[in-house]
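Values below: all heavy atoms of this structure, side chains included; hydrogens, waters and symmetry mates excluded.
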Amino acid sequence: MRRILLSAALLAACTRPATTPVPASSYDLVITNARVYDGAGNPWYYGDLAVRGDRIARMTPAGMLRGARAARTIDATGLALAPGFIDIQGQSYDPFLTGDGRVVSKVTQGITTEILGEGTTPAPLSDASIASMGFDSTTLRIAQSFRGAHGFAAWLDAMAAHGISPNVGSFLGAATVRQYVKGSAPGAATAAELDTMRAVARRAMEDGAFGVGSALIYPPGAYASTEELVEIAKAMSPFGGVYITHMRSEGDRIVEATEEALRIGREGHVPVEIYHLKVAGQRNWSKAPAIVAMIDSARRAGQDVGATMYPYTAGATSLASCIPTWVAANGKLLDNLRDPATRARAKAEMLAGSKTSESLCELGTAHGVMVVGFRDSTLKQYEGMRLDDIAARMGGGRDWADALIDLTLAEQARLGGIFFLASEANLRMQLKQPWIVIGTDADGWDPDSTHGEMVHPRTYGTYPQLLGQLARDEGVMSLEEAIRKSTSAVATRLSIPDRGLLREGMYADLVLFDPTTIADRATYVTPHVVAAGIREVFVNGVEVVRDGRATGARPGRVVRPSGMR
């Protein structure tokens, strides 16, 4: 009889619902009752999450961690919890190395990792590249530590040592590879120069680069041939590198430029990412479905290719990008513009449309260019004005090309432009593509220290714009899909281990936001406004945003791809 009772008791114990007790040890942070978006695109669910140190220690259904011992507990009722956003196209070079490493505009929109490397990187450097860059004495002292074989690793480590709020990683700039051996000189690379370029690429991959990033409308990167880029791609291929590119054209020659990017991937045996996919200029908008079809066709044929986007129809870059690239040969842009004959030739080409380089001013018209970044006090009156309006106010019979050249000379080629180029319909169509991931193409700012300089609203609102207006309000995609494109899709593409998902054992890069109020509040006229709805942001378990305000904590680390040698 006792055996029967014992057997019945054991059977009852085995059939009762299993419960996992809360560990006796305490946590650093517990978040309860959150609407959990795991980053993989799975449907949201209500859950609890605990952090110990820099890692996610436990995840449970909602309520399971109620009462758990923790240094801090957040009741997230009504809030959404997601992995930190990974910005695949960041531009915070100066803030991460010498400036304000808090990058308030980035962390307050939920960015916990920023990836640099579009076209040019500060490392590695050689005598040729240093000579072509014209550093001032302060910058030169910093640059000296990035010289030589493993200068790329030295640069990555210097950013972390400076103190930064988000994590950081980078592609190797293709223009940097070229400058290493040729400075700013145009022309084809010799066989010996190609050997050095391949070596530079291999060493940077060993140092933790995610691949090579090109920007083929800016000198000296624009001087690289397709064949040169193929050889660099071949060198990084054994390391799992990705070729990511600001293509040679986003306008009249976008089909040819896309073909070039695909060719580099095929012949270099590397995956391809296209930076900020757009079709620029109203006369070209009808080409957008064909570009999407080209990428889909390449994928069906077995080629690994995708693209990045920011959710705005305007782009932003250097105002000097409107000047034909040949004018900047050998680093002599300003000297050449001061020469009357060269200036006249450049102006004529700008107005007619260059046959060798693409002018965003011509594609978007002069009224479609908002000029920003003035430092000269006598020119500050033009901040945020359209280029044609500036030309009219400057007087003297100037057209927009004359005004642009005069401003470039006066401001030492430091001005930026916001270019209104793309179509709202194309933007939404492209965002729906499953191979699109999200990046800001912006650097980090402190809204309290702008010195009157205007920026693109993507600087503050890329991810809130995607999650708020486009996903929640317009239904362009689900919130789950928008978060996947901003987190795990980027981590997977770049082989970033332990980030981009909410899973036990992953790094505690977390964003807690209100899904009903998250929104981009920055505009083109008043850009320095932090996003709404972002409540808390954690990087490596450390709070960098509390109640929507940056805390000043700088726990950011260098991220490198898994499997790096």
Side-chain angles (χ1 to χ4, degrees), residues 88-93 96-97 113-130 132-133 142-161 167-184 189 192-216 218 220-221 223-224 228-246 264-265 268-273 275 490 493-497 557-565:
I88 195 172
Q89 192 183 6
Q91 302 285 2
S92 300
Y93 296 93
F96 284 160
L97 192 58
T113 299
E114 187 168 344
I115 308 300
L116 309 176
E118 184 197 358
T120 303
T121 44
L125 300 174
S126 67
D127 291 340
S129 51
I130 289 175
S132 71
M133 291 177 179
I142 297 171
Q144 295 291 352
S145 61
F146 306 149
R147 294 164 61 96
H150 294 288
F152 191 84
W155 168 56
L156 293 178
D157 293 339
M159 288 190 287
N167 303 305
V168 67
S170 186
F171 290 89
L172 167 67
T176 303
V177 177
R178 182 177 176 85
Q179 282 181 299
Y180 197 94
V181 296
K182 291 187 72 68
S184 296
E193 288 171 338
L194 279 175
D195 281 343
T196 302
M197 290 181 183
R198 286 187 284 259
V200 169
R202 287 193 296 267
R203 289 165 182 162
M205 294 303 298
E206 291 170 352
D207 288 346
F210 290 105
V212 170
S214 69
L216 302 180
Y218 310 110
Y223 305 148
E228 178 181 310
L229 295 167
V230 167
E231 291 305 309
I232 295 171
K234 287 178 180 178
M236 67 167 168
S237 177
F239 300 86
V242 174
Y243 175 68
I244 189 165
T245 179
H246 178 149
I264 292 166
H269 311 294
V270 292
V272 174
E273 283 287 313
Y275 275 130
V490 182
R493 168 52 100 195
L494 301 183
S495 300
I496 299 176
R557 303 174 183 173
V558 174
V559 293
R560 291 176 167 91
S562 62
M564 61 168 289
R565 299 186 184 181

Distance, nearest 0.5 Å, that separates OG of S237 from CE of M205: 9.0 Å

Minimum heavy-atom distance between P220 and S184, given as atom pair plus value: CB-CA, 4.1 Å

Worked verdict on S126 versus S129 for side-chain hydrogen bond (donor to acceptor under 3.5 Å, both in side chains): CA-CA 5 Å; S126 67; S129 51; 3.3 Å; yes

Pair D157 + R560, salt bridge at N-O below 4.0 Å: yes

For the student: nearest non-hydrogen atoms of S214 and T245, plus distance: OG-OG1, 2.8 Å

Heavy-atom side-chain proximity of I115 to V559 below 4.5 angstrom: yes

Flag for T196-Y180: side-chain donor and acceptor within less than 3.5 Å: no

Side chain E114, main chain S92, donor-acceptor under 3.5 Å: yes

Close side-chain approach of E206 and F152, heavy atoms under 4.5 Å: no

Verdict with supporting geometry, K234 and E231, salt bridge (charged side-chain N to carboxylate O under 4.0 Å, His left out): CA-CA 5 Å; K234 287 178 180 178; E231 291 305 309; 3.4 Å; yes

S562 and S495 side chains, donor-acceptor separation under 3.5 Å: no

Atom pair CG (L494) and CZ (F210), whose distance is rounded to the nearest 0.5 Å: 5.5 Å

Pair M236-V270, side-chain contact (heavy atoms from CB on, under 4.5 Å): steps then yes or no: CA-CA 8 Å; M236 67 167 168; V270 292; 4.1 Å; yes

Nearest-0.5 Å distance that lies between atom CD in E273 and atom CD in Q89: 10.5 Å

Note, P124 side chain near L172 side chain (heavy atom, < 4.5 Å): yes

Shortest non-hydrogen separation from Y275 to I244 and the atoms involved: CE2-CD1, 3.3 Å

Matching residue for F146 among L156, T121, L97, I130 - test: side-chain contact (heavy atoms from CB on, under 4.5 Å): L97

Heavy-atom side-chain proximity of I232 to R198 below 4.5 angstrom: no

Heavy-atom pair of closest approach, residues A209 and P561: O-CG, 3.7 Å

Closest contact, heavy atoms only, F171 versus V242: CE2-O, 3.7 Å

Atom pair CZ (R178) and OH (Y223), whose distance is rounded to the nearest 0.5 Å: 8.5 Å

Heavy-atom pair of closest approach, residues V181 and M197: CG2-CE, 3.4 Å

Any L116 side-chain heavy atom under 4.5 Å of Y93 side chain: yes

Residues S145, W155; criterion side-chain contact (heavy atoms from CB on, under 4.5 Å); working and verdict: CA-CA 8 Å; S145 61; W155 168 56; over 6 Å; no

Note, H246 side chain near Y218 side chain (heavy atom, < 4.5 Å): yes

Any donor-acceptor N/O pair, N167 side chain to T113 backbone, under 3.5 Å: no

OG on S170 to CG on D207, rounded to 0.5 Å: 11.5 Å

Note, R203 side chain near H150 side chain (heavy atom, < 4.5 Å): yes

Side-chain heavy atoms of P271 within contact of R493, under 4.5 Å: yes

